[in-house]
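Since the structure is predicted, the reported quantities are computational estimates derived from the model, not experimental observations.
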Amino acid sequence: MRRVRYDSAGGPLFLEDVPVPAPGPGELLVRTAAVGVTLPVVRKVTEAAEPVPLGGEIAGEVVAVGAGVSRFAAGDRVTGLCFGHGYAEAALLGEAMASPVPEGASAVEAVALVRSGLVALGALTAARPEPGGSVLVTAAASGVGHLAVQLARAHGASRVVGAVSDPAKADFVRSLGADDVVGYGDDDWGAPVDCVLDAVGGDLLGRAVAALAPGGRLVAYSSGGGSVSTYDLLVGAKSVIGFQMARIAREQPELYEQWRIGLWRLFAEKAVTPSVHGAFPLEAAQRAHAVIEARANRGKVLLVP
C-alpha cells in the first residue's frame, strides 16, 4: 500500500510502498477513504525534532479486526482518530477511537464533521454559554472554527462573531451564520462577548481575553500556547479554560458518544454543514499542508487516498 512519510524536520513529504499492517488486539484495519489534515499534524512535521507518524482523522471501511474487538466487523464504515500512520491507503484505528458513519453520510463528510465537530462542540460546552448570549470564535474559517460558528448559532447564541486572519474569509464566515467578522489586526472587535472559543493562542490570546465581557469565559483548545495576565482575569472576573478532546475520548467515552450522536442529529437537520476547502490525493499531501500552513483554508482540508 502507499503511505506518506518524511525523513527530517520540515519535510518534504513523499510516498512510500509498505506492507498493509495487521490489526493488533483492540484495533481495526481501515481502508481509508478520507483523511483529515490538521494544524497540529502540520506543526509536528515542521517542529518535531524527529520524524513522527502522520496520524489524525480518518474514515473508511473496516477490512479486518484484531482480537477482542466487539463493536465493529469487516464491512462497517467508521471514522475516528488514528495515532499511528493515517496518511495511507490503510490505517490502524483503535476500537475506542472509532465511531460508526451513518447511512447517507460520506467518508468525506464524516472526517469533516466528526472530529472537528467534536472539538468545536466540546469547546462550546466547556464555555457554558447561556441562551441568548454572545460567542466569538477565532480561526472561524478553519476546520474546527467553521463548525463552532454554526454550533454556537444552533445552541441559541444571539450574536456570533468570527475572528479571521484574512479579510478575504469574511464572506465565508458570514455564510455560516456569523453576525460580525473581525480581523486579528482590527483596532475594534466590537461589543464584548460572553464566551470566546480560541483556536489560535500565542499573541492573540491576550486580545481574545480582552474581548470578553465581565464574567466571561474563554476556552483555549489551541496548541499555539500564549500567556494571560492574572490581573486582567481578576479585575474582569474572567475565566480561561483549557479543553482537550483526547482526554474526553479516553476518560469520558459516554459523553464522547453523546456528543457524536448529537452532531449527526444536527447534520441530519442541516443545522450544521461541514465545508471542505479541498480534497487532495496522497501524492499531493505537501500541497495540502501548505494550505494549512498559510492559513488559507475555508473549511476542512482532506486527503483522499
Apart from Val235 itself, residues in the same hydrophobic cluster as defined by side-chain heavy atoms under 4.5 Å: Tyr231

Please list all pairs meeting salt bridge (charged side-chain N to carboxylate O under 4.0 Å, His left out) that have one or both residues in residues 114-135, counting only residues at least two apart or in different chains. none

Correct closest heavy-atom pair for Gly86 and Thr32 would be O-CG2, 4.4 Å

Please tabulate, for the side chains in residues 47-66, all donor-acceptor contacts under 3.5 angstrom to protein atoms that are two or more places apart in sequence or on a different chain.
residue, atom, partner, partner atom, Å
Glu57, OE1, Lys300, NZ, 2.8
Glu57, OE2, Lys300, NZ, 3.1

Show me the pairs that pass salt bridge (charged side-chain N to carboxylate O under 4.0 Å, His left out) and involve residues 213-242, at least two apart or across chains. none

Out of curiosity, does Val114 fall in the hydrophobic cluster containing Val111 (side-chain heavy atoms, cut-off under 4.5 Å, transitive links)? no

Is Val301 reachable from Leu39 through a run of I, L, V, M, F, W or Y residues, each pair having side-chain heavy atoms under 4.5 Å apart? yes

According to the salt bridge (charged side-chain N to carboxylate O under 4.0 Å, His left out) rule, which pairs have a member within residues 258-277, sequence neighbours left out? Glu257-Arg260, Arg265-Glu269

Ring pair (Phe, Tyr, Trp, His ring centres under 6.0 Å) contacts in which one or both residues fall within residues 243-268, not counting sequence neighbours: Trp264-Phe267

Contacts table for residues 282-291: side-chain donor-acceptor under 3.5 angstrom, sequence neighbours left out:
residue, atom, partner, partner atom, Å
Glu283, OE1, Arg2, NH1, 3.2
Gln286, OE1, Leu13, N, 2.7
His289, NE2, Tyr87, OH, 2.9

Residues Leu266 and Ala154: closest non-hydrogen pair is CD2-CB, 4.5 Å

Starting from Phe14 and following side-chain heavy-atom contacts under 4.5 Å between hydrophobic residues (I, L, V, M, F, W, Y), which residues can be reached? none

Residue pairs, two or more places apart or on separate chains, that pass salt bridge (charged side-chain N to carboxylate O under 4.0 Å, His left out) and touch residues 154-173: Arg159-Asp180, Asp171-Arg174

Cluster overlap Tyr6 with Phe280, hydrophobic side-chain contacts below 4.5 Å: yes

Under the side-chain hydrogen bond (donor to acceptor under 3.5 Å, both in side chains) definition, can you give me all pairs with a residue in residues 12-31, not counting sequence neighbours? Arg3-Glu16, Arg5-Glu16

Acceptor/donor pairs from residues 196-212 side chains to any protein atom, 3.5 angstrom cut, sequence neighbours excluded:
residue, atom, partner, partner atom, Å
Asp198, OD1, Thr138, OG1, 2.8
Asp198, OD1, Val200, N, 3.2
Asp198, OD2, Gly201, N, 3.0
Arg207, NH1, Tyr184, O, 3.1
Arg207, NH1, Asp186, O, 3.0
Arg207, NH2, Asp186, O, 2.3
Arg207, NH2, Asp187, O, 3.3

Approximate separation, where rounding is to 0.5 Å, of Ile248 CD1 and Glu251 CD: 7.5 Å

Between Val304 and Ala33, what is the shortest heavy-atom contact and its length? CG1-O, 3.6 Å

Results of salt bridge (charged side-chain N to carboxylate O under 4.0 Å, His left out) for Glu95 - residues two or more places apart only: none

Starting from Val119, can I reach Leu121 by hopping between I/L/V/M/F/W/Y residues whose side chains sit under 4.5 Å apart? yes

